[in-house]
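Down below is the structure, laid out as structure tokens.
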Amino acid sequence: MSTQIMQILHEKFAYSSFRTGQREAIESVLDKKDTLVMLPTGSGKSLCYQLPTYLTDGVTLIISPLLSLMQDQVEQLHLRGEKRAVALNSLTSFSERKRIFRQIKQYKFIYTSPEMLQNQQVLEVLKKAHIQLFVVDEAHCISHWGTDFRPDYLALANIRKSLGSPTTMALTATATKQVRDEIIHFLGLDIKETNQIIESVDRKEIKFFVEICEGNKNEKLIEIVKKMTGAGIIYFTSKKMADEWANNLSNEYGLRASSYHSDLEADDKIKIQQQFLNNDLQIICATSAFGMGFNKKDIRFIIHYHLPSSPEMYLQEVGRASRDGKLGLAILLYQPGDEYIQQRFIETSLPSKEILTAVYKRKQTQLSESDAMVKLAYYFKETSINLNDALQAIEKRKKIKYQQLSFMMQYVYQEDCKRSYLLNYFCENKKSSLNECCSSCGLDQEELIAKLNKMTQSYKEEEARKRVLPWKEVYNNLYNNL
DNA sequence: CGTCGTACCCCTACGGGTACGACGGTGCCGTAGT
């Protein structure tokens, strides 16, 4: 088996060795063990399910949170010469869907959404397909989004069961012990039998800073951004602010900036990502909509204008910097009162007592079942025998969210090592004694920025060296100079 | 918290001031209607 694995790695993926965790994950599912894999972003998680797919009969079903992610993965497989990959979602045309249904058994990789699996026709077809590996990509979404605004994520255990309980693999980059337990729970896996492959969430190359502002946050943001020459993301908690700042930075300060949030059309999202990748844009002013599945190697700074909802969110967003393994800067700008937005989100994102009561009393006339909040209420109804239990469960959820928020507040005011504090949340200890670690460890921001800018400069020079003039251009230049 | 929209007031006319309340974020799918 071992030589077979290496052979596939070489032939299909053109790699000669594995990165940390990959081999273990692959061997685990080949051994038919349900597996939870937590590897840092950009460490090749898709290989963990793609490779074993080639060593088994049958189909691998991948549940993915975003349409763009599905399209991306399918495209990459196609480019690698794997034609037996397909995405089954709302973008699939009726005729295409019919064709997929007809030849379902011929595919090796089927990508779909949790919502799509609620469609009985889709499920019936998949039942016939002999799914041998059930994969949940970005599995923290089960816990984060499922319990929040995409309740269909919570139905995956039943789906999995009705597909004959295939070997299951959940992949994520950041999940606390609690979130990992929830993933296992909502997939209907046995916690003792599930093999967990966990790597550290620490990204040593990213340096943490917190700036506590007293009414001068805007000036502070400008001050920092003006110094930066490399690529960066500024995260906001409001779409409007993201738009305003993107305009402000480009019109007033001549920076190449654009905003990114859920109001954008899919085409524009792709366009902006592409421009950022090509360094046609230097700065993205984004809401939390930006980043999942996005892989730009040389992002040098991540600034948070608003307070993130949790340490997980913060590490996810910050983790988009420094994929090249070189230095990166993470700055959180905090102004007293910033936590109120998050508090409001907590208070309004769970079903109210009124909705819950209506659901329990089946007063369906006033309820639209497509409403995520109502669906979530139904979920609480299914899992709690009576209304009081459900209300208590909701209170418990709220409490967890408040704990996460208060952890971020403590992070802001933490005078000891910021990194250690974040790692503690993930039950990890800071391994090496990093002197150059964070603002609490006495790291100098100016010096770091100078280093980052130097790095960006050498990147640009390298790119310029690589850029050899195409012969046509050379010819035209010569011709024009005659 | 900060911002923005709306209702209301004043009391006669269209407009300015203010007080109060609402809102801020993440994505699938399907269906109605163009």
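Naming: A, B, ... by sequence-line order, numbering from 1 per chain.
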* Asked: dG17(B) and dC11(B): how far apart are their P atoms, nearest whole angstrom?
  -> 16 Å
* **C1'-based separation of dC8(B) from dC14(B) [nearest Å]** => 15 Å
[atom1] of [X] versus [atom2] of [N]: gap in Å, rounded?
X: Glu115(A); N: dG30(B); atom1: CD; atom2: C1'; value: 12 Å
X: Met409(A); N: dC1(B); atom1: CE; atom2: P; value: 13 Å
X: Leu91(A); N: dC29(B); atom1: CG; atom2: C1'; value: 11 Å
X: Glu244(A); N: dT3(B); atom1: CD; atom2: P; value: 9 Å
X: Met241(A); N: dG24(B); atom1: CE; atom2: C1'; value: 10 Å
X: Lys217(A); N: dG2(B); atom1: NZ; atom2: P; value: 10 Å
X: Phe149(A); N: dC28(B); atom1: CZ; atom2: P; value: 9 Å

Taking OP1 and OP2 of [N], is either one under 4.0 Å from a side-chain nitrogen or oxygen of [X]?
X: Ser113(A); N: dC29(B); value: yes
X: Ser90(A); N: dC28(B); value: no
X: Ser238(A); N: dG24(B); value: no
X: Thr237(A); N: dG24(B); value: no

* Listed nucleotide nearest any side-chain atom of Tyr340(A), set dC1(B), dG24(B), dC29(B) -> dC1(B)
Select base, sugar-phosphate, or nothing to describe what [X] touches, counting heavy atoms under 4.0 Å on all strands.
X: Asn119(A); answer: sugar-phosphate
X: Asn89(A); answer: sugar-phosphate
X: Ser309(A); answer: nothing

* Asked: Strictly by modelled atom types, are Glu347(A) and Tyr402(A) linked by a side-chain donor-acceptor pair under 3.5 Å?
  -> yes
* Asked: Think Lys418(A) forms a cation-pi with Phe209(A), using NZ or CZ under 6.0 Å from the six-ring centre and within 45 degrees of its axis?
  -> no
